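First the proteins, then the strands, lettered A, B, ... as listed; each starts at 1. Worth knowing before you read on, the calculation uses all heavy atoms, side chains too, and leaves out hydrogens, waters and symmetry mates. Bear in mind the structure is a predicted one, so any value in this text is a computation, not a measurement.
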Amino acid sequence: MALRKLMEEAERLLRSAGVDEPRLELSRDPRYGEVSSLAAFDLAKKLRRSPNEVASEIVDRMRSEEMEFIKDVEAVRGYINFKPDWIRYSEEILREILEKGEKYGSSEMGAGKRIIIEHTSVNPNKPLHVGHARNTCLGDSLARILRFIGYDVVVLNYIDDSGAQMADLILGFTELGYPLDPPQGMRFDEYCGDVVYVEVSKKVEEDERLAEKRKRIVGEIESGRGKLYQLNRRVVERVLRDQIKTCWRLGATYNILNLESQIISLNIWREVFEKLKEKRLVYRAETGEKAGCWLLDLSKHPILSKEGDEVLVRSDGTTTYVARDIAYAAWKLGETSKDFKYSVWGVNPGGGEIYITDEAGEVDLKLGEIDRVINVIDVRQRRPQEVVKYALKLLGLRSEKYIHYAYEVVALSRKDAERLGHRVEGGEKIVHMSGRRGLYIKVEELLDMLRDRALEEVKKRHEDWSVERMRSVAEKIAVGALRYALIKPDIDKLIVLDTDEILRLEGDTGPYLQYSYARACRILEKSEDEPSTKPPAEPLEVEKKLLRRMAILPKLLSGFDQNLLIKPIANYAYKLASEFNDFYEKAPVLRAQEDIKRFRLGIVMAFKITLANVLRLLGIPLMEEM
RNA sequence: GGGCCCGUGGCCUAGUAUGGAUAAGGCGCCGGCCUUCGGAGCCGGAGAACCCGGGUUCAAAUCCCGGCGGGCCCGCCA
């Protein structure tokens with residue numbers, strides 16, 4: 001690794017000058033070299049002298065040392081800045097990238113370790129909306145990145161096929177005269193979500209008798225047998241097929257679909273419940289408004305204790321969501337004696353089978369030792385997730401391995417909410433999406449809007465292309481735009497979706513990244529010359545900037561398994577593309593003289609590899625032409 | 001009432017985890033760049049008391065305390 005070699009050399013020099021704590025970091029600005037040390041600040045404090053003096057003395061002591069990649073060391077206002085021999089350093093950077101190709105930036109950090117990621121997990125009664133897409137894109141990116149750094153990742157999608165939201169649909173189909181098939185041209189998930197669910201839940205709110213009927217339906221669905229149970233299974237399956245199509249369109253893939261009903265019928269709860277009782281972590285309330293319920297004792301928890309104990313088993317004997325999630329969490333950590341049976345549900349577009357839990361299935365999947373479980377769930381579930389984690393801890397399970405990857409939701413701008421026919425109250429700036437009220441923007445419709453918008457641009461540029469080719473490219477642009485928009489902001493910041501804003505394909509957007517890639521492809525395609533890794537002379541500033549950026553990719557990814565931050569990677573992609581475009585303007589490749597041309601071709605090729613690797617991690621599709 | 005999160009030019013954001021060198025971009029605005037490596041691009045300009053007040057430190061957008069504003073969570077729902 002070129003950068004690592006540079007840093008190791010800087011460290012060696014510092015140690016030779018008597019510095020014990022090198023405190024090396026990447027320089028903030030190219031004028032300060034590549035690598036800087038802050039060691040003089042610490043020493044200055046100890047010695048009660050000025051940092052600048054101390055830094056200068058350290059630099060003087062290093063002068064006589066042997067240097068390979070480092071050409072110059074300077075003391076500036078207390079900083080010790082290392083400048084590389086750019087001729088050697090560039091060659092080292094380019095050689096590594098061209099040699100490693102698709103593997104550049106990857107590592108074996110996670111070798112032998114398995115991580116479970118659960119994401120998407122949308123109730124199977126409606127189509128995906130943009131808020132769900134944030135979940136899917138984050139989860140899928142986590143999976144891609146962790147695989148790239150060597151982890152064995154298993155992606156789960158939890159399907160809650162047995163709640164009241166399903167009963168609404170069944171009530172609509174059996175009692176309120178909704179036909180089982182959608183009108184011509186409408187997808188089944190959209191029909192269920194946009195029409196049946198919204199209309200039925202409104203009727204249920206207005207009519208107590210319907211609420212009663214729905215309650216009976218919930219019971220029958222959960223019983224695991226009967227006509228309504230069978231009908232529900234068919235509805236779930238049809239909606240799920242449509243939902244997964246949308247996920248595939250976003251580029252996400254799955255390994256296992258876990259049905260809530262199977263978790264119930266496997267009855268892992270009973271096992272966990274027994275342990276909770278044995279350890280006296282739960283108790284049965286005898287009096288008060290929660291009489292007859294089994295509660296989890298939260299009194300020892302510093303914060304949760306303030307809100308009272310958690311009901312796990314209701315007075316009627318049924319379990320709450322949190323109870324089932326505790327049992328399910330124990331299963332994910334491999335801490336239950338029973339395991340699911342599976343059958344093959346389908347195959348991901350890029351290959352790889354998807355299994356679904358199925359008590360009649362023939363397949364056993366042993367997940368074995370789990371390094372970590374990452375649950376991508378929005379921030380509103382922080383409290384219940386904390387209860388689950390706390391319960392695991394009380395049970396003596398490895399709760400520190402159970403991670404709630406919390407992200408903020410996607411809300412509608414006032415303008416878009418009004419466009420959807422929602423009456424916005426006076427001071428409201430944002431409006432939260434609501435499945436029950438039918439107030440949401442679907443992933444499919446947003447992608448279609450983006451694709452149509454992109455198609456206009458493609459048409460302008462490629463009149464000679466076939467319609468299919470134009471549509472295929474426009475589709476990739478749409479997916480790139482949406483994924484980037486959902487991944488770029490901090491996970492703990494609310495995204496206010498503004499459709500006018502997101503339809504913009506210029507500036508800091510996914511298409512900008514894709515465009516930069518296509519530009520690089522054009523240059524390489526037009527040249528017959530062999531790229532070279534050797535600079536004929538000191539590289540230009542724009543060349544150095546790009547080389548520097550490419551060189552830090554392995555370092556950028558090296559801490560990922562600890563911090564799980566996707567945003568810095570999206571940020572990196574943008575800076576990389578932006579610096580390439582700067583290079584593109586200022587350093588002509590094909591028109592340059594022979595030796596310079598070959599070096600620049602090397603840079604362009606390395607850029608193409610580096611950007612492609614990063615965009616793959618983010619799930620942003622690549623195109624040679626757009 | 002208790003808890004969690006956010007607060008950076010007109011708007012949207014990066015930088016905050018590991019405190020350090022003139023606070024970095026995008027949108028919008030103003031002005032430039034197509035005799036060709038694709039203008040979905042590039043360059044220049046105007047525009048910021050980094051919410052407020054304390055504190056720690058040689059050094060604070062970043063850490064600590066207290067406010068203010070916004071969002072979320074606190075159900076025998078999931």
Side-chain angles (χ1 to χ4, degrees), chain A residues 23 25 27-29 31-32 36 38 41 44-45 48 50-51 76-79 81 123 160 162-165 260 285 289-295 302-304 306-308 310-316 318-322 324-325 378-384 386 406 408-409 411 429-430 432 454 457-458 460-462 477 488-496 498 501 504-516 518-527 559 562-563 565 567-568 570-571 574-575 577-578 581-582 584-592 597 600-601 604 625-626:
Chain A
R23 280 194 73 186
E25 57 179 40
S27 306
R28 299 268 149 159
D29 189 294
R31 282 178 303 170
Y32 307 128
S36 300
L38 302 173
F41 289 100
K45 193 175 184 180
R48 295 170 169 269
S50 91
V76 182
R77 274 172 289 178
Y79 294 84
N81 298 327
N123 290 339
D160 187 354
S162 58
Q165 75 283 351
E260 162 80 7
E289 57 180 7
K290 292 185 178 168
C293 297
W294 283 89
L295 295 111
I303 293 157
L304 295 175
K306 293 177 187 171
E307 293 171 0
E310 186 79 12
V311 174
L312 298 184
V313 181
R314 302 187 191 97
S315 52
D316 67 1
T318 58
T319 54
T320 62
Y321 158 80
V322 171
R324 278 172 269 143
D325 215 32
D378 81 51
V379 70
R380 292 172 300 187
Q381 292 204 38
R382 219 165 225 159
R383 197 198 103 92
E386 182 57 32
E408 262 291 356
V409 297
K429 285 191 175 141
I430 59 156
H432 284 286
E457 296 299 319
V458 177
K460 274 190 229 164
R461 282 154 243 246
H462 305 283
I477 294 170
K488 187 180 65 146
D490 212 295
I491 53 172
D492 43 30
K493 272 181 178 160
L494 184 80
I495 294 180
V496 180
D498 181 329
E501 181 69 15
R504 221 176 24 84
L505 308 175
E506 295 161 1
D508 186 5
T509 63
Y512 175 87
L513 307 175
Q514 295 170 316
Y515 178 69
S516 309
R519 269 185 148 180
C521 292
R522 274 304 67 62
I523 295 174
L524 295 171
E525 174 192 277
K526 286 180 180 170
S527 171
Q562 289 313 305
N563 62 33
L565 296 175
K567 182 181 60 170
N571 225 283
Y574 178 72
K575 285 180 186 154
S578 172
N581 283 316
D582 198 15
Y584 186 93
E585 294 291 326
K586 296 190 180 108
V589 178
L590 302 178
R591 288 184 264 130
K597 186 203 283 187
R600 288 184 181 161
L601 280 171
V604 175
E625 289 182 68
M626 66 185 273

Could you measure between the two C1' atoms, the one in B:U57 and the one in B:C65, and give it in whole Å? 16 Å
If we ignore hydrogens and angles and just use 3.5 Å, is the side chain of A:Q165 paired with the main-chain N or O of A:D160 as donor and acceptor? yes
Would you indicate what A:T509 reaches in the nucleic acid, counting non-hydrogen atoms under 4.0 angstrom: base, sugar-phosphate, or nothing? nothing
Taking the six-membered ring for Trp, does A:Y584 stack with B:C42 (centroid gap under 5.5 Å, planes within less than 30°)? no
Spell out, as yes or no, whether a donor-acceptor pair under 3.5 Å connects the side chain of A:S27 to the backbone of A:Y32. yes
Does A:K45 make a side-chain N or O approach to OP1 or OP2 of B:A59 shorter than 4.0 Å? no
What's A:E25 touching, base or sugar-phosphate or nothing? Going by heavy atoms closer than 4.0 Å. nothing
When all nucleic acid strands are considered with a 4.0 Å heavy-atom cut-off, which category describes A:P51: base, sugar-phosphate, or nothing? nothing
For A:V589, answer base if it contacts any base atom (sugar-phosphate contacts may also be present), sugar-phosphate if it contacts only those atoms, and nothing otherwise; contact means non-hydrogen atoms under 4.0 Å. base
A:Y32 on top of B:A21's base, within under 5.5 Å and under 30°? yes
Tell me, please, whether A:Y584 has A:R519 positioned over its six-membered ring: NZ or CZ under 6.0 Å from the ring centre and within 45 degrees of its axis? yes
Using atom P of each nucleotide, how far apart are B:G25 and B:G32 to the nearest Å? 22 Å
Hey, is the side chain of A:R461 pairing donor to acceptor with the base of B:A40 inside 3.5 Å? yes
When we call it a touch if two heavy atoms are under 4.0 Å apart, what does A:E525 touch: a base, just sugar-phosphate, or nothing? nothing
For B:C42 and A:R519 - does any side-chain N or O of the residue sit under 4.0 Å from the phosphate oxygens OP1/OP2? no
Please measure how far the P atom in B:G9 lies from the corresponding atom in B:G47, and state the result in whole Å. 15 Å
Does A:D29 reach a base, just sugar-phosphate, or nothing at all? Heavy atoms under 4.0 Å. base
Answer with base, sugar-phosphate or nothing: what part of the nucleic acid does A:L38 contact at a heavy-atom distance below 4.0 Å? base
So does A:R324 get a backbone contact from the side chain of A:T319, meaning a donor-acceptor N/O pair under 3.5 Å? no
In whole Å, what separates the P atom of B:A60 from that of B:G44? 30 Å
Residue closer to the 5' end of RNA chain B, A:K526 versus A:N571 (nearest nucleotide): A:N571
Paired nucleotide for B:C63 [Watson-Crick or G-U wobble; both distances under 3.5 Å]: B:G55
Interatomic distance, A:R591 CZ vs B:U35 P [rounded to whole Å]: 12 Å
Would you classify A:R600 as touching base, sugar-phosphate or nothing, given that sugar-phosphate means primed atoms plus P, OP1 and OP2, and contacts are heavy atoms under 4.0 Å? nothing
B:G39 OP1/OP2 closer than 4.0 Å to side-chain N/O of A:K460: no
Between the base of B:A21 and the side chain of A:S27, is there any donor-acceptor pair under 3.5 Å? no
Please pick, from B:C42, B:C6, B:G38, the nucleotide with the shortest atom-to-atom distance to any side-chain atom of A:Y512. B:C42
Flag the pair A:R522 and A:E525 as a salt bridge only when some basic side-chain nitrogen lies within less than 4.0 angstrom of an acidic carboxylate oxygen. yes
Contact under 4.0 Å: A:K567 side-chain N or O vs B:G15 OP1/OP2: yes
Looking for any heavy atom pair under 4.0 Å, which part of the strands does A:E307 touch: base, sugar-phosphate only, or nothing? base
So what does A:A285 touch, heavy atoms closer than 4.0 Å: a base, only the sugar-phosphate, or nothing? nothing
For A:S315, answer base if it contacts any base atom (sugar-phosphate contacts may also be present), sugar-phosphate if it contacts only those atoms, and nothing otherwise; contact means non-hydrogen atoms under 4.0 Å. base
For B:G38, does OP1 or OP2 lie under 4.0 Å from any side-chain N or O of A:H462? no
What's A:D582 touching, base or sugar-phosphate or nothing? Going by heavy atoms closer than 4.0 Å. sugar-phosphate
Could you give the distance separating B:G45 and B:C4 at their P atoms, to the nearest angstrom? 45 Å
side-chain N/O A:R380 vs B:C4 OP1/OP2, d < 4.0 Å: no
So, is A:K290 close to the B:C76 phosphate, meaning a side-chain N or O under 4.0 Å from OP1 or OP2? yes
One should read off an interatomic distance between A:E310 CD and A:L295 CG, to the nearest 0.5 angstrom, of 8.5 Å
Nearest-nucleotide comparison on RNA chain B, the residue closer to the 5′ end among A:N81 and A:D508: A:N81
Closer than 3.5 angstrom, by distance alone: can the side chain of A:R461 be matched with the main-chain N or O of A:M626 as a donor-acceptor pair? no
Strictly by Watson-Crick or wobble contacts shorter than 3.5 Å, is anything paired with B:A46, and which nucleotide is it? none
Describe the nucleic acid contact of A:L295 in one word from base, sugar-phosphate, nothing, applying a heavy-atom distance below 4.0 Å. nothing
Distance below 4.0 Å between A:R382 side-chain N/O and B:C72 OP1 or OP2: no
Could you tell me whether the phosphate oxygens of B:G3, OP1 or OP2, come under 4.0 Å of any side-chain nitrogen or oxygen in A:R383? no
Let's test this: given Watson-Crick or G-U wobble pairing with both distances under 3.5 Å, identify the partner of B:C37. none
Would you classify A:A577 as touching base, sugar-phosphate or nothing, given that sugar-phosphate means primed atoms plus P, OP1 and OP2, and contacts are heavy atoms under 4.0 Å? nothing
Verify the contact: side-chain N or O of A:Y515 to OP1 or OP2 of B:A40, cut-off strictly under 4.0 Å; return yes or no. yes
With both distances under 3.5 Å as the test, what is the Watson-Crick or G-U wobble partner of B:C77? none
